[in-house]
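I have placed the structure first, in the form of structure tokens, so that the comments after it can refer back to it.
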Amino acid sequence: MRGELDPGCVLCTGGLPASWVLSYTDGDPAGEGTRETMLTLGNGYLAARGAAPEAVADGVHYPGTYLAGFHNRQPGPDGGEESIVNLPNWLPLTFRPAAGQWYAPEHGRLLHEHRALDLRCGLYLRELLVLDPAGRRTRIRQRRLVSMAAPHLAALETTLVAENWSGPLEIRSGIDGGVRNTNSPAEAATSRRHLTGIGSGVDGPDVIWLTATTTGAGHRVAAAARATLTGGEGASRRRAGGTEDVAQVVTLDANTGEQLVVEKTAAVFSSRDAAVDEPLAAARDEVRRAGSFTRLLAEHTAAWRDLWTRFRLDVGESHPWQLPIRVHTFHLLQTLSPYAAELDAGVPARGLHGEGYHGHIFWDELFVYPYLNLRFPELTRALLEYRHRRLTAARRQAADTGGDGALFPWQSGTSGRDESPRCSVNPVNGEWMPDHTGRQPHANLAIAYSVWRYWETTADLSFLAESGLELLVATARYWAAAASYDPADDRYDIRGVTGPDEYHDGYPGRPGQGLDNCAYVNVMVAWVLGRAEEAYAVVGRHPGAVSWRTIAVDDAERARWAHIARRLRLAFLPGGIPAQFEGYRDLAELDWDRYRRRYGDLRLLGPLLQTEGDDPNRYKISKQADVLMLLYLFSAEELTALVRQLGYAFDPASIPAIVDYYLSRTTHGSTLSRVAHAWVLARTDRRRSWEMLLAALGTDLTDPAHSSTREGIHLGATAGTLDILQRCYTGLEVRGDVLRLNPLLPDCLDHLDCVIRYRNRLIGLRIDHHTVRFTTPPGADPPITVLVHERPVELAAGTTVAVGLHRMPAGTVP
Ligand code: BGC
């Protein structure tokens, strides 16, 4: 009956709104890790994977509890390895009729299980019907939340009904400190234990607590849980648990058909929290004071309601994209909520949903900020400040590689030092192999790009003056020093680097040694040098604006930047197509048909070739958008100007051919790839663009075979897809201090409805194929002028203005 409707199940029969609810009635073990990731609850500070309360890490299930930015370093070669820490699990709760076995995934028969995530209020609902070997049928209903109103609190409400039996029942509620980091294969290999010094205790009749210390820096974490019971007769409690866990067992008499409700409320604190002197005292105090489940739920729901008002992105309740859009928004906000703005934590590539990539920070924020800039720019600012606080580490990284300025590492964590692994597991054959992906210095270009786009969108001068300019200048310096001058050609070369495409880390036979004159890198460098100069000029016009005077850039340095920005070398393929790097044209073409026949799905083409003893560096193949990233990040006009600025001819009419050339050689082995291509194709092939977007919307949701979702969501794709809708299909850009819209919805959308925040003004947008309607809230704000297809439209406070759109033919550059 599992997987079928159960007339007794409130979730099966409750008529939950399909566009707001992620629902699972299946339970195949292979997909469980993915479902747990998608059912993760979090609030930007604390997150808990959607594992069942009775589950332990057993290869199928993986309870995971994380705090944003809470990492631990294990000793080892090259300074050891830093990972996000799987923290004590506050969820454990199970039951047994007297003389039975504790209910666990492997005991008893699960007649029915239905899990649903109600996105409106961040509530995880679960209903199951269990038959034990003695024929006793017990129905369990659970509601779970991780509070968006009180970031340290989480709660689980369990209702048990003995359907066909009565008698003594035991309920066990615990906190498990015996957890390890084994969510991803790399961690499982060493089964890392990040916590030590477990201590536990009981406060009064209903509170248990547990503390632990990280093995590296000795950070402390504390969890406390309060369990209260309603219903049943003659309840008594006893302490249980071993050296690594603490639990309470409640014994009572269950009557047939009677509802027994256990409310478990948990609090988690750490010694890294602001305004907390002692985490255990804080956790005990927090659970003692916490209200009932009903009260916590009401406050949590109100907080989510506010978030949804601010992050609304509607395409129609019955539209098939509405649910994935909300799932993406939900998981983005659970990772980067307003609480995240108060923490010292970056943008983790896999959210707070698992341990993939050890919880490290990559360049993926590049795909996240553009969406946040127009919704909650304070978050972008806080996350860029996180980078700014790691500028010293980035300067050291640059110095250690013989460079100048600052080099943000490819992967990093707490301190900002390089955490890129030297070896990783080949996902095809499970073998360890050298990992050269860390040689991607373009991470600092992504940060510099983000600084400028944030400034352009918000005009936040204090940020630019206090942090942004310094980041831009340090990046410009790094690249200016990395560029070597060839007087014979009057050209600068940047050698030995890799771009975003991880299938190419060197020339054939020289893996890991990098490539010369990557188009992506060189064009980005030319742009960043220009923005550093511009930022210097902007801040210089505001002599009171803090620290700019300490950023001494003399005329000679600026003149060199200007020269490099005009003379960086690019290589080209026939037809004026920029070559991914110098020498790319000499690589072999892959026999795509042969490989498709042999493997079908080629997303893992690189590792597949390595498994065959071949080298991906030999071929004209790409894991993800590389040259085409330039069309993702720049408009056609900007890119044309940049290439021409470098002294090369560039015809924007060649863009469709460039897109075709690289797209046909790309395997989308990174989930970021489809986002970039959905954007790029929006200019040339709208149908393919939305097909690409549709696939990207399914990255974590509809692709359980892509097993890495069990190690966390793909945050870049999660946010990037929303941004395609918000900025790409609306043609929304801020240029020259003006907000512009050039809407061009794909045919599959009737309308798009959202609210953006532009320079502290909320603007409601409803766009269909004929009209864009602006709504502004009442207030004393002066009118604001926006351009719609270059026509000025004045928006006064408290008005609704509708503007007709002349529809552009397909293929037109918007
Ligand atoms: C991609 C990178 C990305 C990383 C983390 C890799 O597969 O190639 O571009 O930064 O995943 O998301």
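Ligands are counted one by one from 1 in listed order, and the atoms in each one are counted from 1 as well.
Between Y357 and F362, the distance separating the two ring centers is shorter than 6.0 angstrom. For H194 and H71, the distance between ring centers is not under 6.0 angstrom. Checked against a 6.0 Å centroid threshold, the rings of H360 and W410 do not count as neighbours.
When heavy-atom distances to ligand 1 are checked against a 4.0 Å cut-off, W410 comes that close only through its side chain, counted from C-beta outward. Of all the heavy atoms of H714, none lies under 4.0 Å from any atom of ligand 1, so neither backbone nor side chain is involved. At a heavy-atom cutoff of 4.0 Å, ligand 1 is contacted by the side chain of L672 but not by its backbone. When heavy-atom distances to ligand 1 are checked against a 4.0 Å cut-off, R350 has no atom that comes that close, whether in backbone or side chain.
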Does the pair T37 and R49 meet the rule for a side-chain hydrogen bond (donor to acceptor under 3.5 Å, both in side chains), with working shown?
-> CA-CA 6 Å; T37 295; R49 282 171 60 79; 2.8 Å; yes
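Summary of contacts: the protein heavy atom closest to atom 8 (O) of ligand 1 is Q624 OE1, 2.6 Å. Protein heavy atom at the shortest distance from atom 11 (O) of ligand 1 is Y357 OH, 3.2 Å. For atom 7 (O) of ligand 1, the nearest non-hydrogen atom of the protein is K623 NZ, 2.8 Å.
Nearest-residue assignment for atom 9 (O) of ligand 1 (options F367, W363, F362; heavy-atom criterion): W363.
Annotation: salt bridge (charged side-chain N to carboxylate O under 4.0 Å, His left out) contacts of R395 (sequence neighbours excluded): E470. Residues satisfying the side chain to side chain contact (heavy atoms under 4.5 Å, CB included) test with D614, not counting sequence neighbours, are Y595, L609, R618, Y619.
Short contacts between ligand 1 and A349, defined as distances under 4.0 Å to a heavy atom of the residue, involve ligand atoms 5 (C), 12 (O). The atoms of ligand 1 that sit less than 4.0 Å from any heavy atom of D364 are 3 (C), 5 (C), 10 (O), 12 (O). Listed by atom number, the atoms of ligand 1 under 4.0 Å from S670 heavy atoms are 1 (C), 8 (O).
Relative to the ring axis of Y599, R596 does not place its NZ or CZ within 45° and under 6.0 Å from the centre.
Counted within 6.0 Å of CZ on R396, heavy atoms from surrounding residues, nucleotides or ligands total 12 or fewer; the atom is thus considered open.
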